[in-house]
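Reading through the structure tokens given below for one structure.
Quick caveat: nothing in here was measured; it's all calculated off a predicted structure. Note that ligands are numbered from 1 as they come in the structure, with each ligand's atoms numbered from 1 the same way.
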Amino acid sequence: MIVTNLTNSGRGETIISRCREIAAWTDVPGEITRTFLSPSMQGVHALLRSWMEDVGMTVQVDAIGNLRGLYAGADDDPPRLIVGSHLDTIPNAGAFDGVLGVVLGIALVQNLAGRRLPFAIEVVGFSEEEGVRFSKPFLGSMALTGTLDKNTMRLEDVHGVSVSESIRSFGLDPAAMPEAAVSSSAFAYLEMHIEQGPLLESLGKPLGVVEAIVGQSRLLTSFTGKANHAGTTPMRLRNDALAAAAEWIVAVERIASARDGLVATVGNISALPGAGNVIAGDVAATLDLRHADDAVRATALDKILLEAQDAADRRGVEFGWHQTMDQPAVPMDPELADLLDAAVRSAGIAPVRMMSGAGHDAMIVAARLPCCMLFLRSPGGLSHHPAESVLTRDVSAALAAGMEFLKLLEEKYTNIASRGRE
Ligand code: HGY
Ligand code: MN
Ligand code: MN
């Protein structure tokens with residue numbers, strides 16, 4: 001019988017303080033910014049490795065920089081449950097997005113108190129989910145599912161450093177990438193994550209069970225006009241790249257606002273030469289577009305691109321774009337979602353079944369394994385922000401639900417494992 005009545009509240013506080021300890025490892029003093037295989041990731045690995053080894057896990061770092069802790073099962077080469085989330089962050093992040101799911105995974109193993117299950121548990125801290133350094137997300141989970149392509153390895157960051165070079169500078173060997181693929185004995189994936197939105201708080205509920213993760217399009221766009229003197233160039237003779245982009249951004253907001261569940265964001269824009277007395281000749285802007293229905297997202301993208309072309313044409317500006325991501329919506333595994341639902345109930349909580357508007361590694365892992373996600377309430381619905389938080393009692397509830405999930409999985413793992421999944 002798994003011990004589930006440990007004084008979880010202490011564990012909840014421990015988990016939160018551990019997330020804050022990890023938050024101290026940052027590339028930018030004074031804020032939390034930790035991108036793919038940056039120097040601060042070494043410190044995070046050392047901290048997590050010590051916590052993993054303290055609870056009897058063997059730890060390794062794979063060729064993409066995922067930290068992987070294995071808690072053996074009762075028998076040799078048993079089926080394997082993967083419990084994971086990401087360790088990288090957006091710039092000026094909060095302390096819980098991603099990290100919380102890894103620290104909770106270690107806490108589940110800690111709560112087993114040395115007891116061995118009929119399946120092994122591998123806790124994975126993915127090296128790259130946000131896509132900040134190379135404008136391409138999910139490098140860690142793509143390596144785990146064997147879907148990392150050669151072009152991605154050649155992507156360069158703003159300093160001209162490629163993915164492969166960044167791996168070597170971290171002390172890893174890109175040639176060992178095939179060994180990063182998840183074990184063939186893996187049969188399921190659990191990701192515990194903050195909701196990053198307002199729903200659970202609006203319902204007064206601590207935990208949610210994710211039914212599907214919305215689809216995402218990410219693009220890099222360019223508007224190329226003609227830089228010129230701001231004082232001497234009449235309005236009718238301008239090719240103002242920034243004015244074209246500005247009109248387009250308002251159109252993006254209008255198109256997304258007109259459709260339920262559609263969200264579109266231009267989160268980053270740069271204008272060159274960037275002087276107040278010069279008409280901008282070159283603008284680069286990002287686009288992030290999401291919806292639960294892939295057809296709705298595709299139609300919206302077509303409209304958004306037409307608006308950009310129109311705003312550019314009317315100013316004699318050239319418009320270009322490059323899609324860095326076209327991620328279909330991903331349903332979670334219904335049987336695992338039901339198991340997670342039952343586990344939350346056994347922990348004494350009525351779960352909310354919900355969509356995820358945020359992307360997660362689960363959407364990549366789902367191509368290889370049955371996946372489920374447990375959401376924790378986001379106070380203020382706030383995330384991707386330094387004030388991002390989580391409630392101690394919700395962390396304790398998630399831990400209790402996680403322990404119940406392991407207990408239910410003990411009864412069900414054989415038929416899930418025998419289902420397999422290519
Ligand atoms: O952007 C996202 O949806 C996730 O937080 N990486
Ligand atoms: Mn995030
Ligand atoms: Mn995340």
The atom of D97 among N, O or S that is nearest the Mn ion (ligand 3) is OD1

If the criterion is any heavy atom closer than 4.0 Å to an atom of ligand 1, which residues make the list?
E129, E130, Q196, Q216, R218, R290, A358, G359, H384

Any carboxylate oxygen within less than 4.0 angstrom of a Lys/Arg side-chain nitrogen, looking at R133 and E128?
no

Does a salt bridge link R315 with E247, judged by any charged N lying under 4.0 Å from a carboxylate O?
yes

State, to 0.1 Å, how close P78 and P118 come at their nearest heavy-atom pair, and which atoms those are.
CB-O, 3.5 Å

Identify, by name, the N, O or S atom of H193 lying closest to the Mn ion (ligand 3).
NE2

Using a strict 4.0 Å threshold on nitrogen-to-oxygen distance, state whether R297 and D293 make a salt bridge.
no

Check whether more than 12 heavy atoms from other residues, nucleotides or ligands sit under 6.0 Å from atom CZ of R353, and answer yes or no.
yes

When you look at E410 and R115, which way does the salt bridge (Lys or Arg N to Asp or Glu O under 4.0 Å) test go after all the steps?
CA-CA 13 Å; E410 268 197 277; R115 183 180 180 289; 3.3 Å; yes

So do L406 and Y413 actually touch side chain to side chain, heavy atoms under 4.5 Å?
no

Under-4.0 Å salt bridge between R218 and D288:
yes

Within 2.8 Å of the Mn ion (ligand 2), is there any N, O or S atom belonging to E129?
no

Restricting to N, O or S atoms of E130, which is nearest to the Mn ion (ligand 2)?
OE2

Strictly under 2.8 Å, is any N, O or S atom of H384 next to the Mn ion (ligand 2)?
yes

